[in-house]
Amino acid sequence: MIGNVGNAGSLVNTGNRGEGTQFEFSFHLPTLIEFGWGKAARLGERLLQLGVSRIFLVSDKGVESAGLLTGLAAALRSSGMEYDIYTDIEPDPGLETINRGAEVFRSRPYDCIVAVGGGSSIDTAKGIRVVAARGGSIREYAGVNRIPGGPGSIPLIAVPTTSGTGSEVTIFGVYSDWQNNVKVTVTSEYMAPTIALVDPELTARLPAKLTAASGIDALAHGIETFFSLRSSPASDALAMEAIAVVNANLRRAVEDGSDMEARIGMSHGSLLAGMAFNNGFLGLAHAIGSALSGHCHVPHGIAIGLLLPSIIEFNTPACPAKAAKIAELIGVLDDHIGQSAGAAVAKLVHGIGLPTRLREVGVDQEKLPAIAKDAFKSGMMQFNPRMPTEEEVLELLQRLF
């Protein structure tokens, strides 16, 4: 039985895993978090405390061209650090990108990795760290807890420049296997960064389109964690706050990138969502989204925005009380609480200018059956509160086309 859904503390599981939370749970967050305006300027100080001196700075060309590395490079120089900047990466990094980066890391006596950017940069750095320490290919570590002995003594500091992925605090690394048109996930506590410096100031120049795409991903992290069969009182508390904070700030950040209060809110909401799904895991939207990106190279946040409203509607019969709570958190008025949370999120997606049809992002309708089939390769599928059939996933995709 579910108590008053307006009270986060009343969500108690008495048997139906999809409708409540377990009071017997574990919660792990190995990353030290420093959050606040200007925190990135403390990078040199943190590196000195770690006792390192040769830095492998992983970023991407977009971040570099936006000038976001200038201040960080100055902080490194003022601290007496030697560093090289590595930007040979792409969105949704491939397996070979990770292996190639690890070779570069091993070619010189680096003793620390700093990742600056969005999820692609941070996930690339995570993978490079593991392969540099343990050898082989990142593909060998795909799955759960398959990194023997961890990443050795290589510290990793993550400095996000977007508000969405939460990768700066998670135990996951997601990589594209372009040969097989799928994404593979490495899940291990050893993937988590040592320190996360979350500085909202670094997101101030993020274009509206990227703000919208990364922001809807953060919202999805909160919503899917809240629905997850692996949810707990701790992950639920973080997820609900993330949903509320992202909803309150996403439109504002998209409409006015100079709104610093909204930028701080988005960085905060994204971080909370990352902390939540790091322990509660995700579900159907990310399972299908992984296959969609693998087959059609649809950017992750765009894929999630397309899918999320329909996934909420699909999960609502299994978790009506949680769906009602989500609707409340995203601003559905009490006298309209019967309106689906999915419809409210669909309105948000449209309002921030994201595409709502697969055809708008160049998806080939003939690929939909393969996408539906490959969605079941994702480990996140098992945490969705309602297990779909392959036919139901295909029907969902066809409706969205």
Side-chain angles (χ1 to χ4, degrees), residues 8 11 17-18 21-22 25-31 33 35 118-120 122-123 126 144-145 158 160 162-175 183-189 191-193 196 198 213-247 250 266-290 293 300-301 303-305 307-308 311-312 315 319 322 325-326 329-330 341 345 375 378-385:
L11 289 169
R17 294 180 66 205
T21 55
Q22 298 285 353
F25 67 92
S26 61
F27 191 92
H28 184 50
L29 188 69
T31 302
I33 301 166
F35 181 97
S120 294
I122 297 174
D123 277 7
K126 289 178 176 181
V144 180
N145 295 329
T162 65
S163 301
T165 70
S167 185
E168 68 272 13
V169 293
T170 66
I171 60 174
F172 310 104
V174 182
Y175 309 105
K183 287 192 174 183
V184 299
T185 301
V186 179
T187 303
S188 168
E189 63 178 293
M191 293 294 282
V198 185
S214 58
I216 207 66
D217 191 29
L219 183 66
H221 291 158
I223 289 173
E224 290 218 283
T225 299
F226 194 47
F227 273 139
S228 172
L229 295 178
R230 202 175 184 271
S231 65
S232 71
S235 68
D236 272 358
L238 288 165
M240 286 190 287
E241 184 67 7
I243 294 167
V245 171
V246 171
N247 179 70
L250 180 52
M266 286 305 302
S267 290
H268 183 211
S270 174
L271 176 65
L272 293 174
M275 294 166 66
F277 90 81
N278 198 44
N279 285 270
F281 294 2
L282 301 171
L284 186 55
H286 277 76
I288 302 175
S290 177
S293 295
H300 177 72
I304 295 302
L307 295 163
L308 185 59
I311 301 306
I312 295 172
N315 285 336
C319 306
K322 283 199 166 186
K325 183 62 181 177
I326 291 168
L329 290 168
I330 58 180
V345 172
S378 170
M380 292 300 174
M381 184 72 80
Q382 65 184 301
F383 304 109
N384 202 67

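The basis for the numbers below is simple: all heavy atoms, side chains too, and nothing from hydrogens, waters or symmetry mates. Just so you know, these numbers come straight off a predicted model, no measurement behind them.
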Visitor: Restricting to non-hydrogen atoms, name the atom on Ala196 and the atom on Thr31 that form the minimum distance, rounded to 0.1 Å.
Guide: N-CG2, 3.6 Å

Visitor: Please find the pair of heavy atoms, one from Ala375 and one from Met381, that lie closest to each other, and give the distance.
Guide: O-CE, 3.6 Å

Visitor: So, for Gly269 and Ala242, which heavy atoms are closest and what is the spacing to 0.1 Å?
Guide: O-CB, 3.6 Å

Visitor: Quick one, Lys325 with Ile243, criterion side chain to side chain contact (heavy atoms under 4.5 Å, CB included). Give me CA distance, side-chain angles, the key distance, then yes/no.
Guide: CA-CA 10 Å; Lys325 183 62 181 177; Ile243 294 167; over 6 Å; no

Visitor: Side chain to side chain contact (heavy atoms under 4.5 Å, CB included) for Thr187 and Asn145? Distances and angles first, verdict last.
Guide: CA-CA 6 Å; Thr187 303; Asn145 295 329; 5.7 Å; no

Visitor: Going by side chain to side chain donor-acceptor pair (under 3.5 Å), name the residues that satisfy it together with Thr165, two or more places apart in sequence or in a different chain.
Guide: none

Visitor: Using 0.5 Å steps for rounding, measure from the OG atom of Ser270 to the NE2 atom of His221.
Guide: 8.0 Å

Visitor: Ignoring hydrogens and angles, tell me if any N or O in the side chain of Glu241 forms a donor-acceptor pair with the backbone of Leu238 under 3.5 Å.
Guide: no

Visitor: Should Phe277 and Glu224 count as side-chain neighbours, where that means a heavy-atom distance under 4.5 Å?
Guide: no

Visitor: Roughly how far, to the nearest 0.5 Å, is the CG atom of Leu284 from the CD1 atom of Ile312?
Guide: 11.5 Å

Visitor: Between Asn247 and Leu329, is there a side-chain heavy-atom distance shorter than 4.5 Å?
Guide: no

Visitor: When rounded to the nearest 0.5 angstrom, what is the spacing between CG in Asn315 and CZ in Phe226?
Guide: 12.5 Å

Visitor: Run Glu168 and Leu271 through side chain to side chain contact (heavy atoms under 4.5 Å, CB included) and show every step you take.
Guide: CA-CA 8 Å; Glu168 68 272 13; Leu271 176 65; 3.9 Å; yes

Visitor: Using 0.5 Å steps for rounding, measure from the CG atom of Leu282 to the CE atom of Met380.
Guide: 4.5 Å

Visitor: Which heavy atom of Ile33 sits nearest a heavy atom of Met275, and at what distance?
Guide: CD1-SD, 4.0 Å

Visitor: Taking all non-hydrogen atoms of both residues, which atom of Ala239 and which atom of Gly222 are closest, and how far apart?
Guide: CB-O, 3.4 Å

Visitor: Might you work through the side chain to side chain donor-acceptor pair (under 3.5 Å) test for Asp123 and Ser167, ending with a clear yes or no?
Guide: CA-CA 7 Å; Asp123 277 7; Ser167 185; 2.6 Å; yes

Visitor: Starting from the C-alpha separation in whole Å, work towards a yes-or-no answer on side chain to side chain contact (heavy atoms under 4.5 Å, CB included) for His286 and His300.
Guide: CA-CA 9 Å; His286 277 76; His300 177 72; 3.5 Å; yes

Visitor: Can you find a pair of side-chain heavy atoms, one from Lys322 and one from Ser231, that are under 4.5 Å apart?
Guide: yes

Visitor: Can you find a pair of side-chain heavy atoms, one from Ile223 and one from Val345, that are under 4.5 Å apart?
Guide: yes

Visitor: Is the distance between the ring centroids of Phe172 and Phe281 under 6.0 Å?
Guide: yes

Visitor: Enter the distance from Leu250:CG to Leu219:CG here, rounded to the nearest 0.5 Å.
Guide: 7.5 Å

Visitor: Which pair of heavy atoms, one from Gly164 and one from Asp217, lies closest together, and at what distance?
Guide: O-OD2, 3.9 Å

Visitor: To the nearest 0.5 angstrom, please state how far the OG1 atom of Thr225 sits from the CG atom of Asn278.
Guide: 9.5 Å

